[in-house]
Amino acid sequence: MPSRTCSHSPSGFGKSLPEQGLLLLVVLVLLEGSVLPLGAASSPDVSHQDDSHNHKVADHGVNATKKVFPVLDVDYHHIQTPFEISLWVLLASLMKLGFHLIPRLSSIVPESCLLIVVGLLVGGLIKLAGEQVPPVLDSRLFFLCLLPPIILDAGYFLPIRPFMENVGTILMFAVVGTVWNAFFVGGLLYAVCQIQPANPSSLHSIELLHCLLFGSIISAVDPVAVLAVFEEIHINELLHILVFGESLLNDAVTVVLYHLFVEYAGVGTVTVMDGFLGVISFLVVALGGVLVGAIYGILAAFTSRFTSHTRVIEPLFVFVYSYMAYLSAEMFHLSGIMALIACGAVMRPYVEANISHKSHTTIKYFLKMWSSVSETLIFIFLGVATVDGPHSWNWTFVTVTVILCLVARVIGVVGLTYIINKFRIVKLTTKDQFIVAYGGLRGAIAFSLGFLLDQNQFAHRKMFLTAIITVIFFTVFVQGMTIKPLVELLAVKKKQEAKRSINEEIHTQFLDHLLTGIEDICGHYGHHHWKDKLNRFNKKYVKKCLIAGERSKEPQLIAFYHKMEMKQAIELVESGGGVKLPSAVPSTVSMQNIQPKKPPPAKAAERALPQLPKGREEEIRKILRSNLQRTRQRLRSYNRHTLVADPYEDGFSDLLIKKQKMIELEKKIKEMNNYLTVPAAPPDSPTMCRARLASDPQAYSMKPVSDSVPVIQVDLASPQSPDSVNVMDEFRRANQEEDQGLMMKPPQGSSGSNKPGEADTTRDQQRLMRCLSDPGPSADEDEDEPFLP
Amino acid sequence: MGSSSSSMDHIPNAEELMQETGFSAAHLLRLYERFEFLDKDQTGELRPEDFGAIGGLALNPIGDRIISAFFSPGQETVDFPSFVRVLAHFRPNGTNRTRNGTQQEPVNSRTRKLKFAFQLYDQDRDGKISRAELLQVLRAMLGIQVTEEQLQSIAERAIQEADLDRDDAISFDEFKKVQQVSPHPQTPTKETPLHPTEGGR
């Protein structure tokens with residue numbers, strides 16, 4: 001088998017790093033492009049190879065001629081399939097990397113567009129090399145492997161509250177809007193194809209049902225595309241959840257319409273009975289999907305109740321149960337997407353109450369990773385399939401399709417909004433309507449559905465595929481690229497990055513109770529009434545079953561409060577090694593040791609470590625430096641000269657003792673450390689925005705946490721764990737003399753104002769150590785607030 | 001529903017009420033019917049016990065506060081106009097029918113709604129939500145399964161977040177500012193239990 005390697009030398013090396021990186025990527029792409037046809041070429045040869053090999057062995061057995069023992073042998077088809085898969089995944093990931101090396105490009109062009117272009121390039125390369133393009137967007141691969149991670153990611157982290165509040169609107173758009181789109185596009189296309197009787201073209205042979213089928217395929221808003229584009233534009237939560245929710249829930253409609261039309265396209269007629277059955281089928285598909293998902297979700301929640309001893313496999317349960325929900329729903333031709341969403345949304349509150357913090361982080365990052373890779377692969381494959389796919393371009397059909405899709409969407413959105421606004425309290429403005437209409441992107445699901453069509457039954461399949469691809473390209477490129485400037489132009493409200501505060505949470509709950517009460521007074525069984533009933537039921541029965549141990553009784557507010565405190569603690573550890581602390585105590589840390597609180601810490605006098613004038617600080621620092629030197633000398637060698645009493649030493653003997661204690665404490669704490677999270681990338685890139693959730697701290701700075709800086713580790717595996725109590729005990733012992741309230745910082749073992757000198761020297765010492773190891777503390781980290789106000 | 005004009009005669013000062021609160025005739029009628037239903041002994045006025053008879057309110061953690069909001073300080077009964085005036089706070093924003101020149105601001109504006117909610121927190125009407133009052137609310141909402149320290153720390157944190165002038169209490173302005181931080185859909189502006197086409201009892 002001739003081995004083909006592409007030797008390319010990039011002409012002209014770029015001097016700057018991003019350009020070099022880009023060139024490297026181009027080389028890699030080309031190399032991969034060459035290996036893939038290699039792989040593709042070898043596949044038909046496999047069986048042939050085996051036969052010839054067997055023959056050779058048989059021959060050798062007969063002839064017994066000695067062959068040179070192969071020291072190095074190439075056996076590509078042994079590992080071919082996994083290798084190719086890995087190569088594709090690698091390509092996808094490298095592309096993702098590459099785009100972020102070129103910041104300007106990624107801010108103008110959405111990632112999805114770039115990825116499609118890459119796919120086009122790779123497909124083109126493969127075709128150029130004369131090889132068979134692997135059928136990458138094969139429906140089985142797409143629906144069973146590529147789509148589920150993205151949907152699970154969306155479902156698990158679905159913001160339940162905005163979703164439920166707008167569920168009526170979302171359902172209207174998803175169901176009525178999609179049906180309207182399908183019939184409008186299908187019907188008008190048929191009409192257009194029938195005109196021009198003088199000039200009979202191939203279009204005349206299209207049947208109505210085929211057109212309607214095509215309409216139903218093309219009319220569904222695609223969740224992958226919507227996610228990819230909307231991620232980067234940061235519009236307000238309402239619009240996001242409207243468009244995104246619609247893209248998720250219209251799956252049921254699409255499934256029903258698709259199967260309906262495929263079934264009856266052969267027969268040629270659809271009766272009213274069939275239509276009626278279609279409606280029933282829709283209800284079954286949608287509700288059945290949700291039910292299947294909910295059942296698996298409850299199973300997963302129940303399983304997670306017992307995982308306290310095997311924390312390592314907790315994330316696995318989440319993934320496996322969800323995937324099985326998807327597969328089960330697909331088995332019955334129910335809506336797999338809705339099953340997945342329901343499963344994730346149902347299991348999440350209970351699972352999160354049961355699993356450890358690390359498992360939670362694992363789940364989050366795995367989901368984000370898989371969905372990210374999936375999405376990238378989907379777009380690349382779209383590009384490849386475009387190059388490969390059987391095309392049959394027909395100007396009329398394609399252009400009319402594109403126009404009709406746009407028109408149908410706009411009319412649909414405007415019309416529906418008019419009706420919906422009568423029932424909504426917060427009305428949808430024209431701007432909102434525009435964004436909703438403009439955000440109706442089509443994507444790979446439409447293409448896969450088209451790909452599934454049988455060529456024999458549908459003569460115009462190629463034309464359909466071409467039209468679908470054109471619409472996808474149009475929406476993703478044109479609409480995807482222009483939506484960001486349009487959002488800016490129209491001054492649409494953006495997502496507010498404000499952190500959720502405890503006040504907000506308290507007030508939200510308070511309002512819920514208030515509005516429920518008012519509803520009761522008015523005798524009106526509205527939204528709040530039912531929500532309240534559901535909450536009560538949940539608290540009374542469901543939580544007891546599904547949540548392990550004590551946490552089943554924990555009210556939501558407390559859980560939220562814990563989360564916030566943890567978040568803050570994480571933030572502190574990440575950003576500066578724990579010098580600045582939360583001003584209130586997380587309940588996970590044992591609170592029995594805490595002294596009664598003092599009045600608020602705003603006044604400077606409350607600080608246990610008063611400021612020193614500059615001159616004194618300098619003096620202390622000098623003494624400190626020299627003293628440290630002296631210590632080292634003393635420890636290293638026995639020197640007769642230093643036995644003489646040193647006037648400097650006396651005053652600082654206790655400083656040294658404290659230093660020793662510090663080091664010991666440091667060691668002890670390091671032994672029971674539980675690092676909490678993985679440091680994150682700079683917060684602004686879109687991928688990081690996706691990876692970062694509402695529960696993540698907003699501002700991560702990449703400060704290295706060096707070993708010499710004492711850090712606080714809070715054991716979050718379970719509340720009131722023995723570890724956390726130990727830490728507090730240590731401090732108590734260290735603070736035996738002082739009564740100034742408790743300090744969580746081990747190096748500041750001494751806190752009181754009795755010894756301002758030493759306290760400050762320790763602080764300076766710490767600062768010195770940090771200066772030596774850290775890039776430098778930020779300005780406000782020098783304030784040593786006592787742990788308790 | 002019967003001819004509204006004849007039933008409207010039962011309602012004293014119907015026109016004025018409609019002007020003042022912005023309710024439509026149909027709304028007002030429904031409220032009147034509800035009022036009469038609650039008024040078990042037909043005195044034309046409601047007492048706290050009448051409110052207490054409503055099942056859902058008994059389970060509501062802040063039920064007693066809501067009830068007391070209907071009663072002006074010192075009064076023991078609520079007549080229909082006061083009943084309606086309190087409920088007018090919860091009308092949706094968009095349908096302000098009439099606006100007299102004399103009214104500075106419609107009854108259901110966002111500020112008035114927030115003020116109503118604020119007064120539910122601030123039981124002693126001193127214009128501030130003190131730490132003790134906040135603790136009471138928290139205790140009511142969170143029930144018995146929470147320890148004292150947890151309540152204290154939550155209240156502490158809440159006050160720290162909202163309290164800008166450091167007086168250890170939340171004034172109405174600070175309260176408003178906190179609610180404006182994020183456009184949470186569940187602000188008081190969103191509620192209307194009184195849409196005539198939605199389900200009844």
Side-chain angles (χ1 to χ4, degrees), chain A residues 161-162 165-166 236-238 423 425-427 493 496 498-529 532-533 536 553-555 557-558 561 564-565 582-587 591-592 594 597 599-600 602 789, chain B residues 30-31 34 37-38 51 54-57 59-63 66-67 70 87 90 92-94 117 120-121 134 137-138 141-143 145-147 149-150 152-154 156-158 160-162 166 168 170 178-179 181-195 198-201:
Chain A
R161 220 188 157 99
E165 279 166 11
N166 296 299
N236 61 51
E237 201 178 46
L238 172 67
F423 296 99
I425 298 158
V426 178
K427 316 268 183 221
K493 254 200 300 187
Q496 299 211 326
K499 301 189 199 189
R500 287 204 71 190
S501 70
I502 190 100
N503 267 305
E504 206 190 302
E505 186 70 21
I506 295 178
H507 194 69
T508 311
Q509 282 209 5
F510 186 84
L511 264 173
D512 276 346
H513 290 305
L514 173 62
L515 294 172
T516 312
I518 296 287
E519 277 187 8
D520 283 331
I521 291 179
C522 296
H524 173 76
Y525 288 161
H527 181 67
H528 291 274
H529 180 88
D532 193 57
K533 273 216 156 85
R536 247 184 259 283
K553 300 203 197 68
E554 194 178 55
L557 198 59
I558 299 283
Y561 178 70
M564 287 194 69
E565 290 294 319
S583 47
V585 180
S587 308
M591 292 180 77
Q592 288 94 1
I594 305 299
K597 294 197 199 346
Chain B
R30 260 201 78 214
L31 284 176
R34 181 70 181 168
F37 174 76
L38 288 175
F51 281 107
I54 305 173
L57 269 187
L59 294 173
N60 199 318
I62 55 170
I66 300 176
I67 295 175
F70 279 90
L87 288 178
F90 294 95
N93 266 350
L120 285 183
Y121 280 100
L134 191 58
V137 170
L138 285 174
M141 287 205 296
L142 293 174
Q145 56 260 48
V146 181
T147 64
E149 294 103 348
Q150 283 174 321
Q152 292 275 358
S153 45
I154 292 181
E156 176 64 43
R157 198 200 165 95
Q160 268 181 357
E161 273 177 7
R166 305 277 175 197
D168 206 31
I170 303 179
V178 169
Q179 305 313 321
V181 163
S182 75
H184 209 283
Q186 276 303 92
T187 55
T189 56
K190 205 167 155 29
E191 168 61 13
T192 172
L194 303 166
H195 195 95
E198 284 189 33
R201 299 167 9 213

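None of the values given here were measured: they were computed from a predicted structure. All values below were derived from every heavy atom in this structure, side-chain atoms included, with hydrogens, water molecules and symmetry-related copies excluded. Residue numbering restarts at 1 for every chain, and letters A, B, ... go by the order of the sequence lines.
- A/K427 pairs by the side chain to side chain contact (heavy atoms under 4.5 Å, CB included) definition with A/N421, not counting sequence neighbours.
- In terms of heavy-atom proximity, B/N60 sits nearest to A/H513 at ND2-O, 2.9 Å.
- Both the backbone and the side chain of B/L120 come within contact range of chain A, judged by heavy atoms closer than 4.5 Å.
- Considering all non-hydrogen atoms of both residues, A/I506 and B/A158 come closest at CD1-CB, 4.0 Å.
- B/I66 contributes atom CD1, which lies 5.0 Å from atom CG of A/L514 (distance to the nearest 0.5 angstrom).
- Between B/Y121 and A/H507, the shortest heavy-atom contact is OH-ND1, 3.1 Å.
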